[in-house]
Every structure is written in structure tokens, then in C-alpha cells.
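All values reported here derive from a predicted model rather than from experimental measurement. No hydrogens, no waters, no symmetry mates; every other heavy atom, side chains included, goes into these values.
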Amino acid sequence: MKILIIGGGGREHALAWRLAQSPSVKKLYAAPGNPGIAQIATCLPVTDLSPASLVAAANEIDPDLTVVGPEVPLVAGVVDAFQAASRLIVGPNAEMARLEGSKIYAKSFFQKLHIPTAAFLNTVSQSEALAALDHFTYPVVLKADGLAAGKGVVIARNRPEALAALPFLGPNLVIEEFLTGEEVSFIAICDGRDACSLEPAQDHKRVFDNDEGPNTGGMGAYSDSSLLTPAQTEQVLNTVIRPTVDATGFAGFLYAGLMLTADGPKVLEFNVRLGDPETQPLMHRLRSDFAEVLLATAQRRLREVKLDWSPDPSVCVVLAAGGYPGTFATGIAISGIDKSDGVVFHAGTRMGSANIETAGGRVVGVTASGSTLPAAIDAAYQGVRPIHFDGMHFRTDIGRRGVTRYNSAQLGT
Ligand code: AMP
Ligand code: GLY
């Protein structure tokens, strides 16, 4: 099989890394890819990720199958364009991608299908938003309607904070109840009829240790089966994923950001793609021939394949550029990637004149596994050690919540 991967971040490097090990893959392409992906695939120099550019790139190489990483081309209709050109592709069409592209649409959808979610009001003007605030206690959660790369959510601790946030979020808002509990990234692969859950993962969205500081795209993630019991997994499949597939014919990766509340799992948001950085530990744990799974998905015969996972937890630590998630410099030389014992997934890197250098906020993700979660954490941080670039920062507590949970379960508390 010839496979084209759309995207060029850490998630797409992890996909490429896993697919490069599939016996059924003869040739891998990425559009646009990155220097890490370029070691195992041919990178296509697309100038943008519009459906037209991507169809043109696919026409050059004639792939048997395409898989889409980021949300922007999905929302723009890349799947519709590929299907119109009779090309097999894994991903939702533009209509289904609205579940991520518009938070207002998603919340109305949850309500219509009785999918458990935080109590909410949708607003379309500042005055409506002001009136809606009276119906909530604090803290309250304010979400801008459109795609915001993780930056459109404000948790206001009191009314002055909520009022201060309103002008930055625009008039179209979801205002919702603040939920507490453990967050889990629940991702299912769907073929329009059937759905199969991947192993659970947990992201670390805040920039600093102990979940402090502003939100980022994700500073690290781990995957560990003990994040959910089999009964919780079945519950989420039955109350969230299957109703969505039945109602929409959803195809591709459906990612439910869950809060495990005292009243059971509730959906914070839908994404219509794999998570970044959750995909890095997930691909690290996956044992199945992923190319066969993707092909079966695109051909609506997901029920014929099975996902097989390593029981060992896996951890990915993101190394970020100085200043990220605020402004940061690029073009800074990176050393030591080849000395790491971890699997180093490139995210924001480029080839400089002599050296590999930084090209984004999240630069690389160092991924490793172990027979226990503490062992996996140790292995990932060992893998970080040789890598350096000026200004580099990372969280030192990726996976620690999982260890705390594990220890309390052992003590029966
Ligand atoms: P979202 O983009 O909707 O996933 O929101 C980003 C982050 O904000 C989530 O990962 C949560 O940590 C937090 N968040 C979103 N909605 C809520 C909520 N209703 N209650 C508590 N925290 C939330
Ligand atoms: N890691 C969160 C996301 O991919 O949206």
C-alpha cells in the first residue's frame, strides 16, 4: 500500500513511525511532513493544506489511502474533495467536522442526542452572554465558538473575570457549568457504522507543572489502560460514541474529551481527529498493522479488524520553545536527538543550513514505555536528557497524576 499522511506535527510523525513498520506499507508520503517524518517517508512540498492543494498533491503520487492529522483541512472539506475524486481517505467530511469546528453546534448536538455534557447556554451576542451569566455559579467556563487551537476557553473564577474575558472571545459563545474530575482523552476509530475505542490517554494542557499557567496545545501525554475501567469504556461507547456514529454516519477518529465526574463521564468537547500529543504514546503502544486497520476503516469493514495493544504504559514529554505558549523565537539549533534512547517525534522542527533547528512552539516529543507507569515516566525523562536547545522548557510531572491514582488504589483509599 502507498499511504499519504496529511499534516506535519508530532501526531503525524507518530502515525508515520507506526505505519512505516506495517508489513503492508510499501511507500509512505506526508504533506507537508517534517524533518523527522522525512527519515521514513517522502515529504511533499505543499504550500497550504486546502482541499484543492491536497487533491493536487495526491494526484501526483496516486496513494491507495490517505489519513488526515489536523482539524483545519477536515473542517475545510478535504475528505469531501478526496471522495469526489474517488480516493480512499480516513476522516470525517466537512459536515461531521462541525462537531469540532463549532462548539455551539457540538453542544446542541449533545443535547439533541442526550449525550452527557456540562449544563450550558449558547449565546450569539454580548448582551445574551451577560444575561446568561446570571444562570451560572462560579467558576464558570466560557468557550469561543470556532476553532481556536486550544486558546478559546476561559475558566472565570468570578464575574469580573468573566466580564473581562467576553471582549476577547467574541459574541458567539458556549457558557457552561464548571466540572471537576479526572480528564481522559477517549478516541474511537469509526467507519460510519461501527466504532472501536483506542486505549485511553491523558493530555497535560497547562504549560507548567501541577497544571499551572496558561493552556497550550499539550505539553505531554500518557496512555495507560488503567485510566478507564472496561465498564467505563463500554459506557462511553454506548452513551457518546455509538449514538454519534448512528446519527451522523461519522467516519474517522472521534475524540471525546471527557471529565470523569461523580455523576459519570461527561463530554467537554469533541475533536474529529487524533489528539496531539496523545497519538504519540498511543502509536507507541499499538501492535496491530495500523495500515490494515486504516484501510478497513476507509472501506467500511472495521468490524473485520481488531486493535492489539502493548499492556505497557507509554509516556510522551514535549520539549517546548522558550516563551511558548506566548511568543517564541525559531531557528534555534537542536542537539542530541540522535543520542536519546526514547522515540523522538518531531513537531516544530526544520532543517537549517547545518543543523536541525526549532520551527515551532512544541518542538519534539520524547516517548518511551515501561512495564509500569513510573518506569515509563523514568524512561521518557531519561530520553529527554541528551536533547538541548536554548530556551527549551518542559514539564517534569507528565504522568504523575496517574501514579498518584495508582498508589491510592493500591492503598485502597
Ligand atoms: P476544551 O477545548 O473544551 O477541551 O477545553 C480546554 C480545557 O478547559 C479542557 O481540557 C479542560 O481542562 C477545561 N475545561 C473545558 N470545559 C470545562 C468544564 N466544563 N469544566 C471544567 N473544565 C473545563
Ligand atoms: N491534545 C488535545 C488535542 O489534540 O486537541
Side-chain angles (χ1 to χ4, degrees), residues 5 7-20 30 33-41 69-70 149-150 185 187 198-199 201-209 215-224 255 273-286 313-322 324-325 328 330 332 334-350 356-370 373 376-389 391-400 402:
I5 299 167
R11 165 184 47 210
E12 291 78 20
H13 189 184
L15 281 172
W17 176 83
R18 174 47 66 218
L19 287 169
N34 66 35
I37 297 174
Q39 294 171 359
I40 45 179
S185 302
I187 305 174
L198 311 189
E199 283 284 284
Q202 191 170 61
D203 190 9
H204 297 61
K205 288 206 167 94
R206 304 283 186 149
V207 67
F208 300 128
D209 283 9
N215 267 331
T216 68
M219 292 298 288
Y222 67 97
S223 172
D224 180 357
Y255 167 144
R273 53 173 173 82
L274 285 161
D276 189 342
E278 291 95 326
T279 303
Q280 289 82 320
L282 285 170
M283 286 300 117
H284 198 248
R285 286 189 61 196
L286 186 66
S314 180
V315 175
C316 171
V317 178
V318 169
L319 308 183
Y324 175 81
F328 52 85
T330 58
I332 300 167
I334 309 168
S335 61
I337 289 182
D338 51 344
K339 299 199 176 59
S340 172
D341 289 331
V343 181
V344 181
F345 293 122
H346 290 231
T349 68
R350 67 182 179 221
I356 194 116
E357 55 185 45
T358 66
R362 293 190 290 170
V363 178
V364 294
V366 182
T367 308
S369 59
L373 182 56
I377 293 170
D378 282 349
Y381 281 104
Q382 281 292 339
V384 168
R385 275 199 190 161
I387 304 176
H388 177 78
F389 49 90
M392 171 176 117
H393 67 98
F394 57 90
R395 279 181 61 158
T396 65
D397 65 347
I398 303 301
R400 195 187 291 160

Novice: Once you round to the nearest 0.5 Å, how far does CD1 of I387 lie from CE of M392?
Specialist: 7.0 Å
Novice: Check whether H204 reaches the backbone of Y222 with its side chain - one donor and one acceptor, N or O, closer than 3.5 Å.
Specialist: no
Novice: Decide whether T396 and D209 meet the rule of one side-chain donor and one side-chain acceptor closer than 3.5 Å.
Specialist: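 Per modelled atom types, T396 and D209 side chains form a pair under 3.5 Å.
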Novice: Check whether any side-chain N or O of S340 sits under 3.5 Å from a backbone N or O of G383 as a donor-acceptor pair, and report yes or no.
Specialist: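 Yes: the side chain of S340 pairs with the backbone of G383.
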Novice: Rounded at 0.5 Å granularity, tell me how far OG1 in T279 sits from CZ in R273.
Specialist: 8.5 Å
Novice: Kindly assign one of parallel, tilted or perpendicular to the pair H284 and W17, based on the angle between their ring planes and the thresholds 30° and 60°.
Specialist: parallel
Novice: Backbone N or O of M283 within a donor-acceptor pair of the R18 side chain at under 3.5 Å?
Specialist: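 Here the side-chain-to-backbone pair exists.
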Novice: Run the numbers on V318 and T216 for side chain to side chain contact (heavy atoms under 4.5 Å, CB included), then give the verdict.
Specialist: CA-CA 11 Å; V318 169; T216 68; over 6 Å; no
Novice: About how many Å separate CD1 of I377 and CZ of R400, when rounded to the nearest 0.5 Å?
Specialist: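 One finds 8.5 Å between CZ of R400 and CD1 of I377.
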Novice: Can you give me the closest heavy-atom contact between E278 and S185, atom names plus distance?
Specialist: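 Closest approach of E278 to S185: OE2-OG, 2.6 Å.
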Novice: Is the shortest heavy-atom distance from the side chain of M219 to the side chain of H393 under 4.5 Å?
Specialist: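 Side-chain contact under 4.5 Å: yes.
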Novice: Does any non-hydrogen side-chain atom of L274 lie less than 4.5 Å from one of L15?
Specialist: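 Heavy-atom side-chain distance check passes, below 4.5 Å.
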Novice: If I compare all heavy atoms of A379 with all of S369, which pair ends up nearest, and what's the gap?
Specialist: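 Residues A379 and S369, closest heavy atoms: CB-O, 3.8 Å.
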Novice: How close do G360 and A321 get, heavy atom to heavy atom, and via which atoms?
Specialist: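 So the two residues come closest at O-CB, 3.6 Å.
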Novice: Would you call I40 and H13 a side-chain contact if the rule is heavy atoms closer than 4.5 Å?
Specialist: yes
Novice: Would you mind reporting whether D203 and P277 have side-chain heavy atoms less than 4.5 Å apart?
Specialist: yes
Novice: If every non-hydrogen atom of G9 is compared with every non-hydrogen atom of D276, which pair is closest and at what distance?
Specialist: C-OD2, 4.5 Å
Novice: Evaluate the side-chain proximity of R350 to N34: yes if any heavy-atom separation is below 4.5 Å, no if none is.
Specialist: no
Novice: What's the separation between atom OG in S314 and atom CG in L286, rounded to the nearest 0.5 Å?
Specialist: 11.0 Å
Novice: Do E199 and S223 pair up side chain to side chain, a donor and an acceptor below 3.5 Å, judged on atom types alone?
Specialist: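 There is no such pair between these side chains.
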Novice: Donor-acceptor check, side chain of R395 to backbone of F208, threshold 3.5 angstrom: yes or no?
Specialist: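 Present.
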Novice: Do V315 and L373 have side chains that approach each other closer than 4.5 Å (heavy atoms only, starting at C-beta)?
Specialist: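 They are in contact (side-chain heavy atoms under 4.5 Å apart), so the answer is yes.
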Novice: Closest approach of V207 and Y324, non-hydrogen atoms and distance?
Specialist: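 Shortest heavy-atom contact: CG2-O, 3.7 Å.
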Novice: Do I37 and E12 have side chains that approach each other closer than 4.5 Å (heavy atoms only, starting at C-beta)?
Specialist: yes
Novice: Is T358 reaching over with its side chain to a backbone N or O of T349, donor-acceptor style, under 3.5 angstrom?
Specialist: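 Not a single qualifying donor-acceptor pair exists.
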Novice: Do side-chain atoms of R362 reach the backbone of G218 as a donor and acceptor pair under 3.5 angstrom?
Specialist: yes
Novice: How long is the span from the CZ atom in F389 to the CD1 atom in I356, to the nearest 0.5 Å?
Specialist: 11.5 Å
Novice: I need the minimum non-hydrogen distance between G342 and V366, along with the two atoms involved.
Specialist: CA-CG1, 4.2 Å
